[in-house]
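Here is the structure we will look at, set down as structure tokens.
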Number of protein chains: 2
Amino acid sequence: MQTGDQELVKKINKSIVLQTIQASSPISRAQISKDSGLNKATVSGLVNELMEEQFVQEIGTGLSSGGRKPVMLYFNKKAGYAIGIDLGVNYILAVLTDLQGEVIEKIEEPLENTSLDVVLPMLKNVVQSLMDRKPFSAYGVVGIGIGVPGITDKNGRILFAPNLNWEQVNLKQELEENFQLPVVIENEAKAGAHGENIHGAGKSSRNFVYISMGIGIGTGIIINNQLYKGANGIAGEMGHFTIDANGKKCRCGNKGCWELYSSESALLEQAKSLPSLQEREISLDMLIQEAENGNTEVIPLFHRIGEYAGIGLTNVINTFNPEQIIIGNRLSKLQNWLINPIHHVLEQRLLPYYYQDLSITFSQFGIESCALGSAAFSVEAFFAENKVTVS
Amino acid sequence: MQTGDQELVKKINKSIVLQTIQASSPISRAQISKDSGLNKATVSGLVNELMEEQFVQEIGTGLSSGGRKPVMLYFNKKAGYAIGIDLGVNYILAVLTDLQGEVIEKIEEPLENTSLDVVLPMLKNVVQSLMDRKPFSAYGVVGIGIGVPGITDKNGRILFAPNLNWEQVNLKQELEENFQLPVVIENEAKAGAHGENIHGAGKSSRNFVYISMGIGIGTGIIINNQLYKGANGIAGEMGHFTIDANGKKCRCGNKGCWELYSSESALLEQAKSLPSLQEREISLDMLIQEAENGNTEVIPLFHRIGEYAGIGLTNVINTFNPEQIIIGNRLSKLQNWLINPIHHVLEQRLLPYYYQDLSITFSQFGIESCALGSAAFSVEAFFAENKVTVS
DNA sequence: TATACTTTGTTTATCGGAAAAACAAATTGA
DNA sequence: TCAATTTGTTTTTCCGATAAACAAAGTATA
């Protein structure tokens with residue numbers, strides 16, 4: 001049981017100080033004291049510790065406001081680095097970020113074969129390349145985070161990833177042994193949600209749902225600035241809720257799942273039967289091209305996808321009453337065609353109390369949310385080790 | 001911002017001590033120390049304060065385990081009382097409970113007219129009757145909690161209660177002025193969920209969803225032993241998620257809402273067209289009677305309601321990955337007819353990872369969950385005032 | 001029956017950390 | 001030049017948890 005003692009108090013306050021600096025740097029000790037409510041002396045002491053630990057540095061003096069000039073502090077985001085990877089179904093996107101989540105290096109590789117024998121060596125290569133390119137720093141690379149398109153348990157085991165055709169894969173152990181670094185494995189949508197929460201469109205919301213619209217639909221639920229994982233860590237499979245009780249059979253066992261009507265798969269499937277696209281190679285980018293050229297079959301198709309997105313979102317919103325919905329992953333490219341049908345459906349189907357304070361946003365990072373969120377998981381694990389929490 | 005200081009430490013530890021006593025009374029100071037990890041001296045001090053505040057009392061000595069006999073402590077649940085009310089669509093159920101949630105007095109009255117002019121005086125009467133019957137105690141009645149069938153905002157305002165035909169009602173203010181006691185207003189399903197979490201079937205789960213199957217379907221979401229309310233306090237309207245995108249129009253604006261297929265309304269509506277029940281007054285109790293007598297039209301109807309309950313539950317489970325689902329309110333009386341169809345549908349539609357550790361339970365209190373949960377809200381608010389938290 | 005050992009609960013001493021107060025340093029403005 | 005102000009450190013005080021010592025009350029055993 002977690003009891004209260006001085007250590008806990010210090011951890012709480014040290015976190016407050018560090019977070020204040022991160023959020024408002026450059027900032028003086030005096031200002032931190034005013035913002036946080038902590039005593040000046042307390043702030044001074046904690047700042048000194050953080051400086052010894054290399055997490056905070058003095059940058060010089062600021063402007064006087066009628067007295068002694070303040071010494072400005074900033075968060076030393078270059079004290080260490082993290083690696084974040086989005087293991088997609090047909091690509092690997094890997095980034096090296098600093099402690100603030102800024103991308104320093106980036107590697108993107110296509111994935112033609114998803115068998116573990118192929119993917120694992122590729123992953124190791126990619127990680128090694130990024131490690132080799134890291135700048136010198138106090139703590140070096142502090143961890144590796146990976147977002148995967150499937151459900152994972154609390155120990156980082158991949159239970160089931162249908163689109164990769166994986167079952168029961170212990171990627172975490174494999175990589176930890178190889179690199180001697182802590183590895184975090186999480187579902188791709190959960191990682192994306194976290195990425196948006198820490199660095200992206202969800203920075204100012206405490207309660208939102210991130211909808212990853214890719215090959216399928218995954219979701220990440222942020223409650224009180226924390227990722228909700230559920231009892232076994234597999235909450236958020238809202239792509240598989242029924243929106244048509246007697247609809248098409250889904251691979252998951254259910255019928256009429258949302259993602260059968262509103263996802264990249266659904267889009268490509270439906271595009272196949274458009275007369276104007278017969279005998280052509282169909283891809284997302286190609287459809288976008290067609291729409292931009294004014295193809296009068298593709299545009300209504302996009303609208304229909306948007307309407308079904310709205311129907312699913314109605315469920316999400318009735319369930320969570322979020323401040324915000326963030327739509328990410330590949331279909332966020334369709335933003336311009338989706339946004340109106342979505343709003344139209346929501347206006348029709350939602351009670352006004354749910355709709356009035358709600359904002360529907362598209363991902364700031366497009367496809368990078370997942371890799372950034374994964375890197376952020378590693379950064380947090382590192383800080384937690386150091387008796388500080390950031391988020 | 002909530003900073004860490006000694007006061008916080010004390011509050012945390014005092015809560016731990018009180019909760020340990022509540023959970024394991026009778027218990028000695030030494031045992032509390034072992035269970036909680038707090039030092040003996042710390043426990044002694046905090047227990048003394050709790051005794052001064054009348055929340056804890058010594059009951060005598062226990063058995064020796066080879067040394068000095070322990071002094072046994074218990075939670076003085078009679079130090080105060082709370083009033084909890086379930087404002088149903090056609091009844092008012094009010095209870096007077098002790099601080100542990102044990103029912104001391106109970107009043108149930110039918111409600112023929114839901115206009116505020118009728119309901120408000122009745123409510124006041126019922127509360128006054130319970131107040132008059134309260135035993136003598138240190139703190140008296142500490143608060144009033146009310147569960148209502150509608151959505152409420154964070155200030156206890158009833159925004160919209162379609163079945164009562166209420167909009168924008170400030171019940172809280174009205175009653176607080178009348179009784180000079182703190183009043184908590186909450187949605188009926190949220191209160192029920194809380195009741196089950198504190199005292200009922202959900203006592204041993206940290207993550208569960210309570211499904212209130214009454215005239216409609218409401219839900220209460222418990223995450224980490226806490227009620228999730230959403231951004232505006234109106235999360236959990238899962239009775240209104242679409243399970244048939246092009247289905248019947250619902251009063252909420254949406255189409256194909258779950259509660260149109262699996263609720264008391266849906267049941268009664270469908271029962272009307274059964275040949276064997278023509279020209280008869282149809283009610284829930286009457287249908288149960290028929291089913292018990294082996295009516296071969298009613299039993300399949302119950303099964304169908306169960307199947308649709310299962311379809312909705314699939315969505316709930318894919319979303320939350322809960323440890324437990326608790327089904328309460330009036331349709332919990334149909335437990336014996338619903339449970340098999342529900343399990344059958346879940347087995348078919350859920351991935352095994354969601355199903356394997358999940359338990360589907362029916363409410364321990366039947367219809368009383370809401371009143372008990374409402375009373376519990378008041379008790380907690382009272383303790384929070386006293387620098388202690390219980391839950 | 002005496003004595004050694006255990007367990008319980010209180011008292012005392014110590015320690016860590018926050019806050020308040022005092023102070024030193026740096027700057028502005030009159 | 002000096003008063004007023006702001007910043008940041010040092011000193012003192014206070015609070016609460018913990019550890020250690022102790023007192024009280026029991027059991028077990030020779």
Side-chain angles (χ1 to χ4, degrees), chain A residues 1-18 20-21 24-52 56-74 387-388, chain B residues 1-18 20-21 24-52 56-74 387-388:
Chain A
M1 200 178 295
Q2 169 67 324
T3 62
D5 56 14
Q6 314 253 66
E7 197 184 316
L8 176 70
V9 168
K10 187 164 183 180
K11 184 177 156 183
I12 291 172
N13 291 340
K14 200 164 167 182
S15 301
I16 290 176
V17 170
L18 185 56
T20 308
I21 295 174
S24 317
S25 94
I27 187 172
S28 68
R29 292 169 175 81
Q31 192 60 44
I32 296 172
S33 168
K34 281 174 202 153
D35 287 2
S36 64
L38 290 167
N39 187 280
K40 284 194 299 175
T42 307
V43 171
S44 253
L46 294 173
V47 163
N48 286 343
E49 280 186 29
L50 287 167
M51 284 175 56
E52 270 171 33
V56 167
Q57 290 180 341
E58 293 183 339
I59 198 178
T61 53
L63 295 177
S64 161
S65 61
R68 173 173 163 182
K69 285 183 186 165
V71 178
M72 305 311 273
L73 305 166
Y74 71 99
K387 312 258 180 226
V388 190
Chain B
M1 199 178 294
Q2 169 65 323
T3 62
D5 56 13
Q6 313 260 57
E7 196 184 316
L8 176 70
V9 169
K10 188 166 182 179
K11 184 177 158 183
I12 291 173
N13 291 338
K14 200 164 167 183
S15 301
I16 290 176
V17 170
L18 186 56
T20 307
I21 296 174
S24 317
S25 92
I27 188 172
S28 68
R29 291 169 175 81
Q31 192 61 45
I32 296 171
S33 169
K34 282 175 202 153
D35 287 3
S36 64
L38 290 167
N39 187 280
K40 284 195 300 176
T42 308
V43 171
S44 254
L46 294 173
V47 163
N48 286 343
E49 280 186 28
L50 287 167
M51 285 176 57
E52 270 171 35
V56 167
Q57 290 182 339
E58 294 184 342
I59 198 177
T61 54
L63 295 176
S64 160
S65 60
R68 173 174 164 182
K69 284 182 186 167
V71 178
M72 304 311 273
L73 305 165
Y74 71 100
K387 311 258 178 226
V388 191

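Every chain is numbered from 1 and lettered A, B, ... according to where its sequence line falls, protein lines coming before strand lines. Below, all heavy atoms of this structure are taken into account, side chains as well, without hydrogens, waters or symmetry copies.
Taking atom CG of residue B:Asp35 and atom P of nucleotide C:dT8, one finds them 12 Å apart after rounding to whole Å. Residue A:Glu49 contributes atom CD, which lies 13 Å from atom P of D:dT9 at whole-angstrom precision. In this structure, A:Leu8 places its CG atom 11 Å from P of D:dT18, rounding to the nearest Å. Atom P of nucleotide C:dT10 and atom CG of B:Asn48 are separated by 6 Å, given to the nearest angstrom. Atom pair B:Ile32:CD1 and C:dT8:C1' shows a separation of 12 Å (rounding to whole Å applied). Separating the NZ atom of B:Lys10 from the P atom of C:dA18 is a distance of 18 Å, rounded to the nearest angstrom. A:Asp5 has its CG atom 13 Å from the P atom of C:dG16, to the nearest Å. Atom CD in A:Glu58 sits about 10 Å away from atom C1' in D:dG8, given to the nearest Å.
Residues that satisfy the side chain to side chain contact (heavy atoms under 4.5 Å, CB included) test with B:Ser25, not counting sequence neighbours, are B:Ile21, B:Tyr74. The salt bridge (charged side-chain N to carboxylate O under 4.0 Å, His left out) test applied to B:Glu49 returns B:Lys10, B:Lys14, not counting sequence neighbours. For B:Ile12, the side chain to side chain contact (heavy atoms under 4.5 Å, CB included) partners at least two apart in sequence or on another chain are A:Leu8, B:Leu8, B:Ile16.
Residue pairs meeting the side-chain hydrogen bond (donor to acceptor under 3.5 Å, both in side chains) criterion with at least one member in residues 34-47 of chain A, sequence neighbours excluded, are A:Gln31-A:Asp35. Among residues at least two apart or in separate chains, salt bridge (Lys or Arg N to Asp or Glu O under 4.0 Å) pairs with a member in residues 57-67 of chain B are B:Arg29-B:Glu58.
Along DNA chain D, the nucleotide nearest to A:Gln31 and the one nearest to A:Thr3 differ in position, and the one closer to the 5' end is contacted by A:Gln31. Residue-to-nucleotide proximity on DNA chain C shows that, of A:Gln6 and A:Leu38, the 5′-proximal contact is made by A:Gln6. Taking for each of A:Ala30 and A:Gly4 the nucleotide of DNA chain D with the nearest heavy atom, the 5'-most of the two is the partner of A:Ala30.
Atoms OG and CD1, on B:Ser28 and B:Ile59 in that order, are 13.0 Å from each other to the nearest 0.5 Å. Annotation: the span from A:Leu46 atom CG to A:Ser33 atom OG amounts to 11.0 Å, rounded to 0.5 Å.
Contact between the side-chain N/O atoms of B:Asn13 and the OP1/OP2 oxygens of D:dA17 is found at a separation under 4.0 Å.
Contacts of A:Gly45 with the nucleic acid, taken as non-hydrogen atoms under 4.0 Å apart, are absent. A:Val43 comes within 4.0 angstrom of no nucleic acid atom, judged by non-hydrogen atoms across all strands.
Which of C:dG9, C:dA19, D:dG8 sits closest to the side chain of A:Thr42 comes down to C:dA19. Here C:dT10 is the nucleotide among C:dG9, D:dT9, C:dT10 with the atom lying nearest to any side-chain atom of B:Ser44.
Residues A:Leu38 and A:Ile32 form no side-chain contact, since every pair of their non-hydrogen atoms from C-beta on lies 4.5 Å or further apart.
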Please output the side-chain donor-acceptor pairs of residues 62-73 of chain B that fall under 3.5 Å, not counting sequence neighbours, one pair per line with the distance.
unit_1, atom_1, unit_2, atom_2, d
B:Ser64, OG, B:Gly66, N, 3.0
B:Ser64, OG, B:Gly67, N, 3.0
B:Ser64, OG, B:Gly67, O, 2.6

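Axis deviation across the helix from C:dT1-D:dA30 to C:dA30-D:dT1 amounts to 20°, comparing end segments of five pairs, rounded to 10 degrees.
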>> Using a 4.0 Å heavy-atom cut-off to protein, can you give one letter per nucleotide of nucleotides 21-30 of chain C, 5' to 3': B if the base is in contact, S if only the sugar-phosphate is, - if neither?
In response: ---BBBBS--
